[in-house]
Peer 1: 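Here it is: the structure, laid out below.
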Amino acid sequence: MQFFIICLVIHLAYFNPLKFSLNISAHLTRLINQEDIKLMEDMGVNSFRFSISWARILPKGMHGDVNMAGIQHYNKLIDALLHKGIQPFVTLTHYDIPQELEDRYGGWLSPKIQSDFGYYADMCFKYFGDRVKYWVTINEPNVIAVRGYRLGTFPPVRCSGLFGNCSVGSSEREPFIAAHNMILSHASAVTIYRTKYQERQGGMVGISLNTQWYEPFSNSSQDNYATQRARSFVYNWFLDPIIFGRYPKEMQQILGNNLPIFSRNDMKKLKNGLDFIGLNHYTAAYIKDCLYSTCEHGVSWSEGSYFRATEKDGVPIGEPTTMDWLFVYPQGMEKLVMYMKDRFNNTPIIITENGIAESDDPDFSLEDAINDTPRVEFMHSYLNSLANAMREGANVRGYFAWSLLDNFEWLDGYTKRFGLHYVNFTNLQRTPKLSATRYKELITNFQSQLATHTS
Ligand SMILES: *[C@@H]1O[C@H](CO)[C@@H](O)[C@H](O)[C@H]1NC(C)=O
Ligand SMILES: *[C@@H]1O[C@H](CO)[C@@H](O)[C@H](O)[C@H]1NC(C)=O
Ligand SMILES: *[C@@H]1O[C@H](CO)[C@@H](O)[C@H](O)[C@H]1NC(C)=O
Ligand SMILES: *[C@@H]1O[C@H](CO)[C@@H](O)[C@H](O)[C@H]1NC(C)=O
């Protein structure tokens with residue numbers, strides 16, 4: 001059993017720092033330091049999840065040299081972690097790609113990115129794979145496809161029609177093209193790992209999806225089918241091709257020719273194309289049919305025609321939090337993991353993210369800010385739910401809390417605090433919140449619960 005804590009080294013190429021009027025470059029260069037590794041050690045974690053910046057290793061992708069300063073930067077971090085007995089758990093791309101690839105051929109929209117990503121992965125396995133044994137190829141490709149190419153809220157801000165406010169894009173087509181290239185880029189990296197490195201280096205490679213748990217809004221067969229569609233259009237979209245070599249049938253039925261096609265060769269490359277499924281899991285929602293019934297605000301046919309509700313008869317699905325999308329629904333963890341177990345033949349699962357945020361409040365004293373009882377309760381209930389799934393036979397290999405430190409939360413900037421440690425964004429000082437102090441106890445309890453079960 002592995003236990004981990006996560007924090008992410010973020011790269012802000014596209015997220016406009018001016019909006020937050022803070023000196024982000026200064027914060028970033030100091031984001032993870034020796035002091036932070038000491039914090040991990042104090043919490044008793046045995047792994048740390050972070051991402052490598054593709055552009056920092058290959059500023060021009062495969063069309064230029066490896067940046068050795070970037071290699072040395074990550075070597076130092078990896079060695080410092082291992083020195084403390086903490087396994088590095090590395091993500092190759094977390095939302096950003098080198099600008100060069102966007103300029104040259106449109107990034108994820110071009111099949112050319114498959115060999116570029118393969119080359120980048122090869123360089124990472126070559127330089128770091130002697131010490132890194134856990135690899136995530138792409139973090140939340142389903143979020144990149146939807147936010148980058150359907151809603152246009154994330155880079156490269158492409159969308160069309162009523163989906164968003166973009167100058168270019170095609171919301172009903174491009175998400176599927178970008179996703180197709182991400183799936184095949186993942187497959188390129190995995191193929192390279194398996195043929196050139198895995199035997200010698202002995203690590204595992206997977207992918208992390210953003211996964212909400214979906215409950216049918218009612219018992220009707222329409223809502224049940226809509227719920228299956230939601231799962232397929234949101235996460236099986238990526239997992240089915242990678243594991244079975246084809247898109248989910250709900251997507252094939254609805255999208256028809258709008259769904260790109262895998263060649264025979266692609267399918268061969270894809271089958272069982274991962275060693276673990278990474279689940280970023282936070283919350284749940286109800287799903288109501290909009291294919292057979294009319295909905296006022298349902299999602300379009302290209303998204304699967306359903307309505308995603310966070311409440312029923314005025315009652316929210318779980319306790320609301322400071323993030324408008326995040327409701328506390330711990331039973332969703334067990335249900336999601338059991339669903340993945342059944343659908344994907346008990347492929348190993350790693351929870352690669354789980355957590356909640358506080359809103360930044362400038363009037364809070366440090367004492368108020370570190371008293372995060374709701375986070376302790378959240379992690380406690382989600383870990384219990386995860387333990388249930390494991391007792392029922394799910395092959396779960398690890399859990400990462402999001403996040404070690406208060407971080408730059410994408411479009412929310414520094415206004416939401418997901419950390420187990422409070423960061424003062426003026427002087428960058430870190431202070432353990434209650435949850436950081438309690439984490440050791442939470443994971444020890446979790447492990448002993450499971451040990452009691454197996455003995
Ligand atoms: C941001 O911080 C860096 C490093 O401390 C400093 O060199 C730079 O001048 C700062 N930039 C601004 C706009 O304050
Ligand atoms: C869409 O973007 C344009 C250009 O940035 C802006 O002027 C306009 O207000 C935006 N419209 C909406 C509905 O956000
Ligand atoms: C579903 O059906 C069961 C048994 O018939 C019933 O107890 C339950 O309340 C129903 N749930 C919903 C959401 O309608
Ligand atoms: C953050 O640091 C600044 C500068 O040292 C200090 O004035 C402020 O009180 C600190 N904020 C908190 C919440 O500790």
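Note that this is a predicted model, so its numbers are computed, not measured. Atoms within a ligand are numbered from 1 in the order they appear, just like the ligands themselves.
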Peer 1: Between Asn142 and Val234 (side chain of the first, backbone of the second, donor and acceptor by atom type, cut-off under 3.5 Å), is there such a pair?
Peer 2: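 Yes, because the side chain of Asn142 sits within donor-acceptor range (under 3.5 Å) of the backbone of Val234.
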Peer 1: Judged by atom type as modelled, is there a donor-acceptor pair below 3.5 Å linking the side chain of Tyr399 to the main-chain atoms of Leu386?
Peer 2: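 Side chain of Tyr399 to backbone of Leu386, a donor-acceptor pair under 3.5 Å: no, none is there.
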Peer 1: Arg417 and salt bridge (Lys or Arg N to Asp or Glu O under 4.0 Å): which partner among Asp368, Asp412, Asp406?
Peer 2: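 That would be Asp406; it is the only one of Asp368, Asp412, Asp406 passing the salt bridge (Lys or Arg N to Asp or Glu O under 4.0 Å) with Arg417.
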Peer 1: Start with the C-alpha gap between Arg49 and Glu353, add the side-chain angles, then the distance that decides, and say whether salt bridge (charged side-chain N to carboxylate O under 4.0 Å, His left out) holds.
Peer 2: CA-CA 9 Å; Arg49 179 176 175 228; Glu353 292 181 19; 3.1 Å; yes
Peer 1: Okay, side chain of Thr91, backbone of His94: is any donor-acceptor separation there less than 3.5 Å?
Peer 2: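 No; judged by distance alone, with no hydrogens or angles, the pair does not exist.
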Peer 1: Please tabulate, one line per pair, the protein nitrogen or oxygen atoms found under 3.5 angstrom from a nitrogen or oxygen of ligand 4, with distances to 0.1 Å, or say none if there are no such pairs.
Peer 2:
{"from": "ligand 4", "atom 1": "2 (O)", "to": "Asn424", "atom 2": "OD1", "distance (Å)": "3.3"}
{"from": "ligand 4", "atom 1": "2 (O)", "to": "Asn424", "atom 2": "ND2", "distance (Å)": "2.3"}
{"from": "ligand 4", "atom 1": "2 (O)", "to": "Asn427", "atom 2": "ND2", "distance (Å)": "3.2"}
{"from": "ligand 4", "atom 1": "5 (O)", "to": "Asn427", "atom 2": "ND2", "distance (Å)": "3.1"}
{"from": "ligand 4", "atom 1": "11 (N)", "to": "Asn424", "atom 2": "ND2", "distance (Å)": "2.9"}

Peer 1: What do the steps show when you test Leu279 against Ile350 for side-chain contact (heavy atoms from CB on, under 4.5 Å), and what is the final call?
Peer 2: CA-CA 6 Å; Leu279 301 177; Ile350 297 178; over 6 Å; no
